[in-house]
Amino acid sequence: MGRIFLFGLALLLAGAFMAPSVLGSTLDDVRKRGELRCWVAPSLPGYAFPDKKGNWSGFEVDFCRAVAAAVGVKVKFDPSSPRDRFNSLALGSLDIMTHATWTISRDTRLSTDFVAVVFYDGQGFMVRKSLGVDSAKKLNNASVCVLTGTTTELNLADYFRSNGMKYRPVVFDNPIKALKAYDNNRCDVLTNDASGLAARKGLLKNPDENILLPEIISKEPLGIVVRHGDKQWADIVRWVHNAMIIAEEKGITQANVERMARTSKDPEVQRMLGKTGSVGKDLGLSSDWALNAIKAAGNYGENFARNLGKKSKIGLSRGLNRLWNKGGLIYAPPIR
Amino acid sequence: MKKGPRFKPSAPLNTFWRDPDKRGVVYQVLIFSLVLWLGYKTFRTTLANMAAKGISSSFDFLNNEAGFGIDEALPIPLLRGGIAYFIFALAFGLMAVFLLARWRASRGKTIGESTPLVLLSLALIFFLPVLVLHATYDTIETETYTEASSYGSALIVGVLNTLKISVVGCILATVLGFLVGLARLSTNFLVNKLASAYVEVLRNIPLLLQIFFWYFAVLQTLPSVRQSLTWSNLFILNNRGVLLPSPHPTQWFATTLFLSFGVIAGIVLLARHAARVKNLTGRQVPVFLPSLALLAGVPGLAWWILGPPVTFTYPVLTGFNYEGGIALSPEYASLLFGLTVYTSAQIAEIVRGGIQAVPLGQWEAARSLGMNEWQLMRFVVTPQALRVIIPPLTSQYLNLTKNSSLGVSVAYPELVAVGGTAISQSGRAIEIIGLTMAVYLTISLLISLAMNWYNARAKLVER
């Protein structure tokens with residue numbers, strides 16, 4: 001029956017025996033537990049992918065590691081179906097959720113808040129070369145494998161509707177099943193965030209026989225989400241992200257962060273790394289929060305290069321995800 | 001400080017507490033109130049908890065645009081125009097026959113004893129609704145689900161898809177289950193062992209694994225669209241599913257249908273005549289072959305004289321996929337195969353148990369009365385076996401219906417799958433789970449109701 005029903009039942013049963021309660025401070029809960037619970041995309045190489053021994057690696061995995069290091073706890077990754085993730089977060093069984101497209105309805109209607117965009121993406125289509133299609137405009141009547149509960153499911157409907165085309169959705173609850181069904185030729189098209197398609201292409205039987213169509217049909221700002229109403233926790237997560245961006249701007253890396261903390265003459269770096277000022281204390285953390293975060297995951301650019309960049313297996317270019325002063329959209333407010 | 005006994009021999013005892021019946025009522029009222037109170041408390045606390053977490057509860061979202069697509073969405077019949085007339089006629093027919101039966105019962109008789117009343121009942125239940133459907137055919141309205149339809153429509157499509165798999169699955173599982181159950185009682189070594197192997201293997205493998213097996217191992221390894229296996233253009237099989245020609249009624253469809261009703265009435269008359277002759281004289285009037293001849297002959301003659309009652313549209317390869325015809329998706333097929341095969345193994349055991357529950361003496365008695373094997377099964381074994389079979393068979397139907405929710409794992413858009421999508425797109429978890437539970441409860445109660453009615457008819461009538 002799936003997690004969604006267990007969740008509903010548990011909620012009803014819990015409801016019978018619990019007095020009305022308000023969730024407490026996430027920071028206190030995480031510290032008490034000694035563990036940060038972080039939702040990551042199930043099996044998405046480059047973003048979150050476990051190796052055979054169960055060691056996780058990926059861009060968003062490393063972001064969660066940075067937050068955990070800033071707080072001073074361990075981290076646990078939850079790769080469950082994307083269908084239930086917003087509810088799990090709203091009810092407090094997750095602390096952070098990654099890889100969710102920021103939309104107005106998710107921000108306002110659901111009991112969750114977006115705190116940062118860590119990756120600017122767009123939705124694309126993957127097809128087999130043998131289909132002889134070079135544009136998404138020629139996909140009339142195609143079967144499309146898509147994931148339930150994603151913005152891509154809705155964008156897909158909008159795109160075909162606005163172009164006066166028909167399509168046949170085959171809707172899966174798990175990205176690996178969708179990929180397998182596409183690989184078995186159940187669908188003509190697989191749709192997802194373009195970077196996600198590029199990342200999963202390597203998992204297909206014959207990766208080189210598949211191409212991404214040139215159309216990018218949506219804006220997919222992949223954000224970090226926390227529970228609505230806990231301002232302190234939202235601040236912590238947002239500023240860990242900002243600290244990683246500022247670190248890239250200032251040339252602070254995983255390797256030199258300790259030395260920079262001691263020797264840097266830049267007042268902003270001194271404030272960020274805890275030599276002066278009280279930003280750590282203001283966040284409710286220790287003064288070396290940013291130092292620990294960068295030591296754990298590196299700066300934004302290092303994290304990108306290690307997991308997604310040209311030299312990694314995924315081979316993405318920075319594109320929109322370059323720093324603001326290099327023609328991209330990645331920008332952090334000052335630490336002051 | 002014990003007080004002296006205030007015992008008055010003449011005083012009446014407190015009879016209320018001494019009466020076990022009255023005491024029982026009090027206990028039941030107490031327990032019922034406790035359950036009600038717990039339910040109310042749960043409801044209130046859940047609402048309060050949701051409010052505390054900023055989750056509001058309302059069913060307004062059902063009218064909002066869903067925005068996602070559903071493949072194989074059946075047209076949604078709207079409850080006005082032709083459909084409403086049809087339901088009204090059906091309800092009227094059933095009600096009338098029910099009242100007729102009550103009236104006959106009050107006189108100590110049944111409908112079955114009077115041939116005109118049997119024909120009238122058939123006409124009320126079958127002929128009248130179909131006639132109304134025919135007369136109001138042009139006023140039937142349906143909604144075709146699109147991305148622009150509402151969440152409510154999406155959920156109704158889910159309910160229809162659940163019904164589509166459950167009804168077909170129950171019928172197929174029953175047929176297959178009875179066949180295998182009978183095969184297990186066969187004295188033929190090979191048939192017997194094959195049936196035993198079928199039952200033991202299939203009921204001991206988890207259903208979800210079987211569905212995955214059909215979906216990923218069988219149906220997705222079929223050839224692709226362009227290399228479809230075809231048998232002329234009547235049957236096309238590929239890894240996108242099975243395609244069959246779809247029938248469309250012509251102007252002569254209604255005429256042929258009503259002629260068929262006439263044929264059925266004729267067969268009823270013939271059968272009753274044969275039964276009467278047999279009671280009076282013991283002579284067997286042939287029924288089966290003449291009935292078959294009438295059933296095939298009259299519509300056949302109508303076809304020959306007037307023209308075909310239906311025409312067919314054949315699937316045609318256009319672009320990526322076949323268009324037109326009836327398409328059974330691999331998602332539907334794998335779920336149907338999985339549910340049917342798994343449940344049929346359970347039903348086979350129920351059938352075997354039911355037949356073996358008929359004492360051996362009954363078989364021997366029937367044979368010594370000179371009954372042939374058909375009569376033995378029809379008049380002695382089946383009626384007694386059905387009493388044992390029906391209650392567990394009902395549970396199997398309920399199981400199959402609820403197990404159809406596994407369709408979500410192979411992308412079949414039944415209620416749980418569509419509900420799951422609707423939850424994640426609208427965020428209305430409590431409302432949609434509540435609706436889903438209510439729908440399953442309703443379907444299950446309707447199945448139970450129908451089967452209990454049948455059970456009441458089949459069970460031992462003590463005279």
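Sequence lines set the chain letters: A, B, ... in the order given, protein chains first and strands last, and positions in each chain run from 1.
- Residue Phe160(A) does not touch chain B at all, counting heavy-atom pairs closer than 4.5 Å.
- For Cys145(A), no part sits under 4.5 Å from any heavy atom of chain B, backbone or side chain.
- Judged by distance alone, the side chain of Gln425(B) and the main-chain N or O of Thr150(A) form a donor-acceptor pair under 3.5 Å.
- Using a 4.5 Å cut-off between heavy atoms, Ile70(B) touches chain A through its backbone atoms (N, CA, C, O) alone.
- No side-chain heavy atom of Lys177(A) sits under 4.5 Å from any side-chain heavy atom of Val410(B).
- If you measure heavy-atom distances from Lys180(A) to chain B, the contacts under 4.5 Å come from both the backbone and the side chain.
- Only the backbone of Asn140(A) comes within contact range of chain B, judged by heavy atoms closer than 4.5 Å.
- Of the two parts of Thr221(B), neither the backbone nor the side chain holds a non-hydrogen atom closer than 4.5 Å to a non-hydrogen atom of chain A.
- Heavy atoms from other residues, nucleotides or ligands lying under 6.0 Å from CD1 of Ile104(A) number 12 at most.
- When heavy atoms are compared at a cutoff of 4.5 Å, Leu131(A) approaches chain B solely by way of its side chain, counted from C-beta outward.
- Heavy atoms from other residues, nucleotides or ligands lying under 6.0 Å from CZ of Phe43(B) number 12 at most.
- If you measure heavy-atom distances from Val133(A) to chain B, the contacts under 4.5 Å come from the side chain alone.
- Applying the 6.0 Å contact sphere to NZ of Lys219(A) captures no more than 12 heavy atoms from other residues, nucleotides or ligands.
- A donor-acceptor contact shorter than 3.5 Å links the side chain of Arg240(B) to the backbone of Asn185(A).
- Tested against Thr148(A), the residues Val408(B), Thr421(B), Val418(B) include a single side-chain contact (heavy atoms from CB on, under 4.5 Å) partner, Thr421(B).
- Atom-to-atom distance recorded for Ser224(B):OG and Asn184(A):CG is 11.5 Å, nearest 0.5 angstrom.
- Note: Asp71(B) leads Asp71(B), Asn238(B), Thr146(B), Leu208(B) in heavy-atom pairs under 4.5 Å with chain A.
- Residues of residues 327-336 of chain B having a heavy atom under 4.5 Å from any heavy atom of chain A, listed by number: Ser329(B), Pro330(B), Glu331(B).
- Contacts of Arg186(A) with chain B are made by both backbone and side-chain atoms, with heavy-atom separations under 4.5 Å.
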Report the C-alpha separation of Glu323(B) and Asn141(A) in whole Å, then their side-chain angles, then the decisive distance to 0.1 Å, and conclude whether the side chain to side chain contact (heavy atoms under 4.5 Å, CB included) test is met.
-> CA-CA 9 Å; Glu323(B) 292 291 310; Asn141(A) 285 329; 3.8 Å; yes
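- The backbone N or O of Ala417(B) sits nowhere less than 3.5 Å from a side-chain atom of Asp173(A) that would complete a donor-acceptor pair.
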Can Ile423(B) and Asn87(A) be said to form a side chain to side chain contact (heavy atoms under 4.5 Å, CB included), step by step?
-> CA-CA 9 Å; Ile423(B) 286 176; Asn87(A) 286 310; 3.6 Å; yes
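- Neither the backbone nor the side chain of Ser105(A) comes within contact range of chain B, judged by heavy atoms closer than 4.5 Å.
- Ala157(A) and Phe68(B) make their closest contact through CB-CA, 4.3 Å (heavy atoms, listed as atom of the first residue, atom of the second, distance).
- At a 4.5 Å heavy-atom cutoff, the contact between Ala66(B) and chain A is made by backbone atoms alone.
- The greatest number of non-hydrogen atom pairs below 4.5 Å with chain B, out of Val144(A), Asn155(A), Val146(A), Leu139(A), is found for Leu139(A).
- For Ala181(A), the parts lying near chain B are the backbone and the side chain together; criterion is any non-hydrogen pair under 4.5 Å.
- Within residues 212-220 of chain B, the residues having any heavy atom under 4.5 Å from a heavy atom of chain A are, by residue number, Phe212(B), Tyr215(B), Phe216(B), Gln220(B).
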